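To keep things clear, I will list the structure first and then write my remarks on it.
Ligands are counted one by one from 1 in listed order, and the atoms in each one are counted from 1 as well. Worth saying up front: this structure is predicted, and the values here are computed from it rather than measured. In this chain, residues are counted from 1 in sequence order.
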Amino acid sequence: TAPRPAGEELAELDRRHLLHPWTPYGVGDQLVLVEGSGVEVTDAHGNTYLDGRSGQFNATLGYSHPRVVAALTEQAGKLMTYALLGSSNEPAVRLAARLAELLGEPDGRTLFCNSGSEATEAAIRIVRMYHALRGQPQRTTVLSLADSYHGTTLAAAAMSGSPLAWTGCGPLPEGFVRVPTPGSTVRDRGEVRPGAEALEEAILAQGAENVAAFFVEPVLGVGGIRPLPAGYLRAVREICDRHGVLLVVDEVTTGFGRTGEWFAHRREGIRPDLLTLGKGLAAGYVPFAAVTTTAEIAEAFAADPMLGGLRHGHTTSGHALGAAVSLAVLETIEEEGLIEHAAAMGERLCGGLTDRLKDLEGVSDVRGVGLFAGIEFDTFDRATQVMLGCLRAGVIVRSEGPVLAVAPPLIVNAAQIDRIVDTLHRATTAATG
Ligand code: PMP
């Protein structure tokens with residue numbers, strides 16, 4: 001008998017042995033990927049796809065970028081180490097300094113983590129410990145938006161609005177309260193409908209003296225690719241200041257060019273107290289994430305009576321590989337002009353999707369900013385059909401319930417954007433015909 005094709009064997013092993021995160025059983029076959037180059041990936045059957053969702057929104061430089069691969073292999077051969085318990089390393093130090101510079105925070109401090117969920121978790125611990133050290137130990141309540149997503153570790157899940165994150169996982173940690181999500185789409189952008197007053201109402205209802213922080217994503221990602229209304233972040237910054245509440249901006253998904261800017265919150269000119277970063281930081285090449293904060297908050301931990309420092313960290317915090325890769329990613333974004341490029345390609349993507357899809361049967365909304373677009377369908381079923389139609393046509397998009405997320409790597413070109421838009425148009429027409 002002829003040997004079994006490797007694709008079939010891998011698909012069978014995948015079905016039998018992998019416990020797939022965030023994947024409904026029985027929807028299509030798993031994509032067992034074997035290689036990638038530029039914006040394309042190839043599966044074990046030899047099919048090639050345009051990756052219209054950048055891995056998990058993180059592959060901002062696409063696949064096998066020579067510069068990133070070189071930085072990774074060079075550091076692997078040089079030093080494998082971390083940054084905690086009294087030691088750090090050259091890439092971690094240089095990266096922290098570079099982030100401070102990029103964020104316009106000359107004395108900004110960074111704690112490195114391994115995932116966005118860990119960054120969320122670290123930020124929760126930092127804001128609570130900070131208030132306790134400043135004589136306000138009752139300031140523990142953490143507020144977040146009703147449609148937010150901040151991760152799946154237990155506290156991050158307790159904070160996330162999406163029931164997918166926490167249903168059936170209780171008892172959950174206490175002290176997390178949800179605030180109504182403000183509305184915004186591409187169509188109503190510019191309309192004055194910030195809805196920030198809901199935050200102030202929630203702070204007052206909890207008693208401002210009990211509230212530690214408000215966490216917010218500039219564009220709700222898992223919540224359906226929903227950009228916050230213009231003015232919202234500025235308004236919540238003022239409200240937080242008025243009540244001594246820390247503002248934590250979650251740019252795990254939006255950071256590093258996704259929205260056509262280095263950081264989405266800069267559009268509103270605000271300064272968060274803490275910022276969580278992940279995905280695009282190391283462009284998906286290694287697991288890596290971060291929390292940045294101000295010198296003032298960082299210095300407060302010197303007064304910790306038990307340690308005289310920040311009581312937080314993991315075995316692989318500040319991994320030299322993650323830091324070396326991230327430095328190469330930031331240099332590449334800068335030298336290849338990828339922020340400006342992402343902004344231009346983002347206009348083409350959001351404009352194309354709005355023109356071609358907005359009025360199609362079954363489409364309820366098209367929205368987005370930069371290379372972060374969402375198409376909302378009338379049903380989850382239709383969104384799934386369109387996603388599978390795109391996959392058959394060689395384009396990967398991502399499903400967030402009834403919303404399809406389109407977020408190609410920043411290196412995508414105009415012809416590839418047009419192919420994504422065309423493919424979505426055809427798949428949507430087929431799913432409604
Ligand atoms: N915050 C946001 C805004 C996210 O979108 C995600 C992941 N989708 C996370 C945090 C959690 O990151 P990770 O999956 O790396 O734990």
**Report entry** Validation row: Glu217, Thr253 side chains within 4.5 angstrom (heavy atoms)
**Finding:**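 No, too far: nothing below the 4.5 Å cut-off.
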Donor-acceptor pairs are to be reported for all side-chain atoms of residues 149-157 against protein atoms at under 3.5 Å, with residues two or more places apart or in another chain.
residue, atom, partner, partner atom, Å
His150, ND1, Asp250, OD2, 2.8
Thr153, OG1, Glu121, OE1, 2.5

Return a table of donor-acceptor pairs under 3.5 angstrom between the side chains of residues 393-412 and protein atoms on other chains or two or more places apart.
residue, atom, partner, partner atom, Å
Arg398, NE, Glu400, OE2, 2.6
Arg398, NH1, Gln56, OE1, 2.9
Arg398, NH2, Glu400, OE2, 2.9

Query - salt_bridge(Glu331, Arg98) N-O dist < 4.0 Å - result: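 Between Arg98 and Glu331 there is no salt bridge, as every charged N stays at least 4.0 Å from the carboxylate O atoms.
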Query raised in the report: Ion pair present between Arg67 and Glu336, side-chain N to carboxylate O less than 4.0 angstrom?
Result: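 No.
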**Report entry** Neighbour list for ligand 1 [protein residues, heavy atom under 4.0 Å]
**Finding:**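 If the criterion is a heavy atom under 4.0 Å, then ligand 1 touches Ser115, Gly116, Ser117, Tyr149, His150, Gly151, Glu217, Asp250, Val252, Thr253, Lys279.
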Requested in this report: If a pair satisfies ring-ring contact (aromatic ring centres under 6.0 Å, His included) and one of its residues is in residues 372-408, list it, with sequence neighbours excluded.
Outcome: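 Pairs touching residues 372-408 that pass the test: Phe57-Phe372.
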